[in-house]
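Structure record follows, encoded as structure tokens.
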Amino acid sequence: MKILVVNAGSSSLKYQLIDMETEAVLAKGGVERIGIEGSFLKAKGNGKEKVYTQDMPNHKIAIELVIKALQDGDIGVIKSMDEIGAVGHRVVASGEYFKKPTLVTPEVRKTLEKTFELAPLHNPAAATGLSACIEVMPETPMALVFDTSFHQTMPEKAYMFGIKYEDYKEYGVRKYGAHGTSHKFVSQEAAKYLGKKPEDLKIVTCHLGNGSSISAVDGGKCVDTSMGFTPLDGVLMGTRSGCIDASAVEFLARKKGLNAADTVTYLNKQCGVAGISGVSSDFRDLDNGAKEGNARCALALDMFAYQTKKFVGSYAAAMGGLDCIVFTAGIGENSPNVREGICEGLEFLGVRLDKEENGKRVDGIHEVSVKNSSVKVLVIPTNEELVIARETAQLL
Ligand code: AMP
């Protein structure tokens with residue numbers, strides 16, 4: 001069966017067509033500037049790339065063009081739309097409305113609307129992408145796969161904030177986490193690589209990218225994660241502050257004359273390593289800055305490694321042990337310096353990084369701890385689309 005994975009944003013739509021027998025990506029691409037002048041689709045298939053430039057006033061027109069590209073005489077990989085067995089849609093937030101991936105029904109679509117206020121930038125866009133696909137492919141099963149699903153196994157003591165219980169009940173304010181598909185994928189890949197059952201492993205997965213989150217995966221299940229009610233929580237990130245005393249937020253808002261919504265925008269867009277360094281949110285720029293002697297770039301990198309290290313240590317404590325640390329996503333996969341900074345000082349837990357190996361660039365899974373390290377340190381490229389396709393196939 002072939003599954004189309006769709007990740008719809010408010011003005012963009014990324015997709016992959018995956019053959020579930022081989023798990024190979026047959027085609028992929030993305031539409032940009034939907035509803036904005038200058039929209040285009042960049043599509044890959046058959047080892048070739050093609051750019052389609054056409055006005056796409058809405059997501060329906062965009063998905064129609066994607067289907068056309070999938071059947072293109074040159075880069076196409078299918079003969080007819082009927083070859084697409086199902087569509088898996090990435091959805092950022094589920095709240096407590098969905099505990100697991102879900103097949104779409106009219107009732108599910110109504111429930112999805114209730115999640116909009118939890119992720120106002122992302123979930124309405126996913127719903128728009130879903131509506132467009134249903135219009136274009138009315139007979140094809142659709143599934144929703146949530147970034148938060150993997151974190152639904154967290155115990156109450158881990159996901160609750162110390163607020164009034166009645167307010168948690170009334171408003172659903174609790175920790176939901178993020179990047180769940182990535183944490184799930186890399187923890188499963190780690191178990192496979194180590195030749196162990198997931199049930200027998202205590203793993204800390206570090207998804208370190210533009211947004212970063214760290215998860216404790218005990219026996220294959222997520223038991224804690226660093227992101228909270230929204231992806232603003234946890235370690236400082238590219239432009240996000242990470243966790244901060246709520247009273248400092250009120251103090252800052254008063255001093256800067258910002259209302260509540262603008263304060264949250266400030267914490268999301270102007271803070272993190274970009275705000276600390278005053279240079280960039282990109283870790284490559286911070287590395288270069290630190291090498292040239294920029295103390296604020298060095299501080300931003302130090303803070304990131306230190307805060308991440310504290311999550312690794314606290315999750316080892318939460319699980320009562322640690323067998324493996326996994327690094328993934330843009331920074332986790334590509335920055336030996338950050339990995340070294342995080343592992344440094346964790347020797348007391350049994351973490352022994354092989355600095356030479358850590359400095360090498362290797363495709364696929366890369367073991368960067370010394371051979372007799374009791375805690376394995378692995379770099380594993382993430383593949384969120386494949387998880388969405390697998391979950392969708394499982395639902396069918
Ligand atoms: P992601 O959100 O997973 O796509 O990660 C994007 C981030 O990865 C970028 O903003 C960079 O900070 C970081 N990144 C990518 N390549 C490198 C690299 N070679 N060294 C350090 N950081 C990198």
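Fair warning: this is a prediction, and the values are worked out from it, not measured in the lab. As the structure lists them, so they are numbered: ligands from 1, and atoms in each ligand from 1.
Counting the atoms of ligand 1 from 1 in the order shown, those under 4.0 Å from a heavy atom of Ala329 are 3 (O). Annotation for ligand 1: atoms under 4.0 Å from non-hydrogen atoms of Gly209 are 1 (P), 2 (O), 3 (O), 5 (O). Applying the 4.0 Å criterion to heavy atoms of Ser335 picks out, from ligand 1, the atoms 21 (C). Each of the atoms 8 (O), 12 (O), 13 (C) of ligand 1 lies under 4.0 Å from some heavy atom of Ile331.
For Thr239, the side chain to side chain contact (heavy atoms under 4.5 Å, CB included) partners two or more places apart in sequence, or in a different chain, are Ala274, Ser281.
Counting protein heavy atoms only, atom 14 (N) of ligand 1 is closest to Gly330 O, 3.6 Å. When hydrogens are left out, the protein atom nearest atom 17 (C) of ligand 1 is Asn334 CB, 3.5 Å; that is the closest non-hydrogen contact. Considering only non-hydrogen protein atoms, atom 22 (N) of ligand 1 sits nearest to Phe283 CB, 3.6 Å. Atom 2 (O) of ligand 1 has its closest protein heavy atom at Asn210 N, 2.8 Å.
Screening residues 387-396 for salt bridge (charged side-chain N to carboxylate O under 4.0 Å, His left out) gives Glu23-Arg390, Lys184-Glu391 as the qualifying pairs, with residues at least two apart or on separate chains.
A salt bridge between Arg109 and Glu113 is absent, with no side-chain N of the basic residue lying under 4.0 Å from a carboxylate O of the acidic one. The existence of a salt bridge linking Asp233 and Arg240 is excluded, since no basic side-chain nitrogen approaches an acidic carboxylate oxygen closer than 4.0 Å. Using a cutoff of 4.0 Å between basic side-chain nitrogens and carboxylate oxygens, Lys169 and Glu166 are not scored as salt-bridged.
For Phe283 and Phe304, the ring centers are positioned less than 6.0 Å apart.
The nearest protein heavy atom to atom 12 (O) of ligand 1 is closer than 4.0 Å.
A side-chain N or O of Glu367 and one of Tyr193 form a donor-acceptor pair less than 3.5 Å apart.
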